[in-house]
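Here the structure is laid out as structure tokens; the discussion comes afterwards.
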Amino acid sequence: MASVSLKHIYKKYPGGVTAVSDFNLEIKDKEFLVLVGPSGCGKTTTLRMVAGLEEITEGELFIGDQLVNDVAPKDRKIAMVFQNYALYPHMTVFENMAFGLKLNKTPKEEIKRRVEEAARILDITHLLDRKPKALSGGQKQRVALGRAIVRNPKVFLLDEPLSNLDAKLRASMRTELTKLHQSVGTTFIYVTHDQVEAMTMATRIVVMKDGLIQQVDTPQNLYDYPVNIFVAGFIGTPQMNFINGKLEKKGEDVYFNFENLSIKLPAEKANNPDLKDYIGQEVVAGLRPEAIHDEPSQLANHTDSQLDAYVDVTELMGAEIYLYLNVGEETRLIARVSSRSTSRAGDTIKVAFDMSRLHIFDKDTERCIVH
């Protein structure tokens, strides 16, 4: 079993700085768990506490059934991969991958077998006699992964391992890491600030901010059901649109009013009991860019939520176009539309909101009221 359990974990530094607060998480055996959040949110500190490179101030950390708070890093049966590869320049790839096994006095035949097996999995067999200076960034990263694999760890810890690679290589290495996780069958704990990496690789994502867990869920649930404005804005590219406005009831219908515009809420949202205390109150509405439409067929489907919008800028992304829109005097929105769209910068166009995908947030607490 390679489950990891963090119970009420705190990391406090001298001077009253708390980097991680009351961190509670059960990481399942063979899970690919990703910690994501902006710089300084405490994700790397949390990973380093699991590795034993940072002392835990309060709380308990279990790997499997063993309490490891006071266990040395080398005895935790974990392997860590850093963003800077940390390869020995004077050693060949084989020697770099074998170094930890040699320190543990592993027999030579076993070292050879493990290194060659890891090299085969990572497709670096042809590089075993090279020195790191003769390797590309992607190859160095594979060697660093290979050095971790040969140790047969219970848990892999990866700290932004793709951040030094170019965009194309990052995309291919994401796929390689997912395949590696499936073939090795070990628990992965992965730290990144890149939500695309998190969304594409994780079985579950932990979103962190200011040392606190904001939400733990599957990538799809985080995207569809964010618990607050921070998670809603952090997950998704381009980020969710947020509009300040007020809820108003007219007869049996509920409307979202912003500036001098008014849009009717669908019945399933309007009748949500969590919303009744917010009628007449200021709230924040959230709408994903792909829920704003400009094509005629979609406009016909959403006659209750059409608005005039001025197209400020268009960005052609190949398969889709991002429209940067001005609605009313102050509202700025991004729409993600088909590459067949005829909307161009300088046009005033009709757009429709897919109100079934509207999120409504409490303006003060920023918690989501209705999905």
Side-chain angles (χ1 to χ4, degrees), residues 223-226 228-230 232-272 275 278-363 366 368-371:
Y223 192 80
D224 293 337
Y225 308 108
N228 58 29
I229 286 176
F230 176 78
F234 194 82
I235 299 292
T237 306
Q239 79 157 34
M240 184 181 282
N241 296 292
F242 296 108
I243 310 167
N244 292 315
K246 187 180 274 192
L247 294 176
E248 185 183 339
K249 193 158 189 174
K250 296 177 188 172
E252 292 301 307
D253 296 326
V254 176
Y255 288 81
F256 176 69
N257 299 332
F258 65 104
E259 301 201 30
N260 58 349
L261 305 165
S262 189
I263 299 177
K264 184 178 161 186
L265 266 61
E268 69 272 12
K269 293 192 192 292
N271 296 332
N272 189 308
L275 209 60
Y278 288 89
I279 303 299
Q281 303 291 319
E282 290 198 0
V283 294
V284 178
L287 203 61
R288 296 274 179 207
E290 61 271 24
I292 302 175
H293 305 289
D294 71 336
E295 56 267 41
S297 61
Q298 291 285 3
L299 292 172
N301 293 337
H302 300 287
T303 52
D304 283 342
S305 59
Q306 291 188 16
L307 301 166
D308 289 326
Y310 175 78
V311 183
D312 207 12
V313 175
T314 63
E315 287 182 347
L316 176 62
M317 307 301 287
E320 58 198 11
I321 295 174
Y322 297 164
L323 304 179
Y324 291 78
L325 307 171
N326 296 341
V327 176
E329 292 292 316
E330 298 174 0
T331 307
R332 306 286 176 265
L333 305 174
I334 302 176
R336 183 191 211 153
V337 299
S338 161
S339 60
R340 297 185 301 277
S341 170
T342 56
S343 301
R344 296 292 178 264
D347 293 351
T348 297
I349 61 170
K350 280 268 185 233
V351 295
F353 291 176
D354 180 351
M355 296 297 280
S356 69
R357 302 189 61 185
L358 186 78
H359 304 264
I360 299 174
F361 301 92
D362 184 303
K363 188 167 187 183
E366 299 193 349
C368 191
I369 310 160
V370 174
H371 290 295

Y223: partners by ring pair (Phe, Tyr, Trp, His ring centres under 6.0 Å), with sequence neighbours left out: none

Interatomic distance, S343 atom OG to D294 atom CG [nearest 0.5 angstrom]: 4.0 Å

Taking the side chain as every heavy atom from C-beta outward, state whether I360 and N272 have any atom pair closer than 4.5 Å. no

What's the separation between atom CD1 in I229 and atom CG in D362, rounded to the nearest 0.5 Å? 8.5 Å

For the residue pair P289 and P238, what are the closest heavy atoms and their distance? CG-O, 3.6 Å

V337 vs V351 side-chain heavy atoms within contact, under 4.5 Å: no

Is L325 close to I349 at the side-chain level, that is, under 4.5 Å between some pair of heavy atoms? yes

If the condition is side chain to side chain donor-acceptor pair (under 3.5 Å), which residues does D224 pass it with, not counting sequence neighbours? Q220

Residues in side chain to side chain donor-acceptor pair (under 3.5 Å) contact with T314, at least two apart in sequence or another chain: none

Which residues pass the salt bridge (Lys or Arg N to Asp or Glu O under 4.0 Å) test with R332, not counting sequence neighbours? none

Is the shortest heavy-atom distance from the side chain of F353 to the side chain of L307 under 4.5 Å? yes

Where is the tightest heavy-atom contact between L261 and G328, given as atom of each residue plus distance? CD1-N, 4.5 Å

Which atom of G318 lies closest to which atom of S339, heavy atoms considered: O-CB, 3.4 Å

Does E259 reach the main-chain N or O of E329 with its side chain, forming a donor-acceptor pair under 3.5 Å? yes

Considering residues at least two apart in sequence or located in another chain, which fulfil the ring pair (Phe, Tyr, Trp, His ring centres under 6.0 Å) criterion with F234? F230

Salt bridge (charged side-chain N to carboxylate O under 4.0 Å, His left out): which pairs involve residues 344-359, sequence neighbours left out? E290-R357, D308-K350

Correct closest heavy-atom pair for A232 and F361 would be CB-CZ, 3.7 Å

Excluding sequence neighbours, so at least two apart, what forms ring pair (Phe, Tyr, Trp, His ring centres under 6.0 Å) with Y225? H371

Where do E295 and S338 land on the side chain to side chain donor-acceptor pair (under 3.5 Å) test, with the steps shown first? CA-CA 8 Å; E295 56 267 41; S338 161; over 6 Å; no

Is the shortest side-chain heavy-atom distance between V370 and Y278 below 4.5 Å? no

Can you measure from CG (D304) to CG (L265) and round to the nearest 0.5 angstrom? 10.5 Å

Is there a side-chain contact between L287 and I243 (heavy atoms, below 4.5 Å)? no

Value for CD1 (I369) from NE2 (H359), rounded to nearest 0.5 Å, stands at 12.5 Å

Residues which pass side chain to side chain donor-acceptor pair (under 3.5 Å) with E282, listed by chain and number, not counting sequence neighbours: K363

Quick one: side chain to side chain donor-acceptor pair (under 3.5 Å) partners of E366, sequence neighbours excluded? none

Is M355 close to I263 at the side-chain level, that is, under 4.5 Å between some pair of heavy atoms? yes

For D253, check salt bridge (Lys or Arg N to Asp or Glu O under 4.0 Å) against everything at least two apart and list the hits. K264

If you look at every heavy atom in A285 and F256, which pair is closest and at what distance? CB-CZ, 3.5 Å

Show me, pair by pair, the donor-acceptor contacts under 3.5 angstrom made by side chains of residues 245-252, not counting sequence neighbours?
residue: E248; atom: OE1; partner: N257; partner atom: ND2; Å: 2.5

Check M240 against P226 and note the closest heavy-atom contact, atom names and distance. CE-CG, 4.4 Å

With sequence neighbours excluded, give me every ring-ring contact (aromatic ring centres under 6.0 Å, His included) pair touching residues 310-343. none

Taken to the nearest 0.5 Å, the spacing of H293 NE2 from S341 OG works out to 12.5 Å

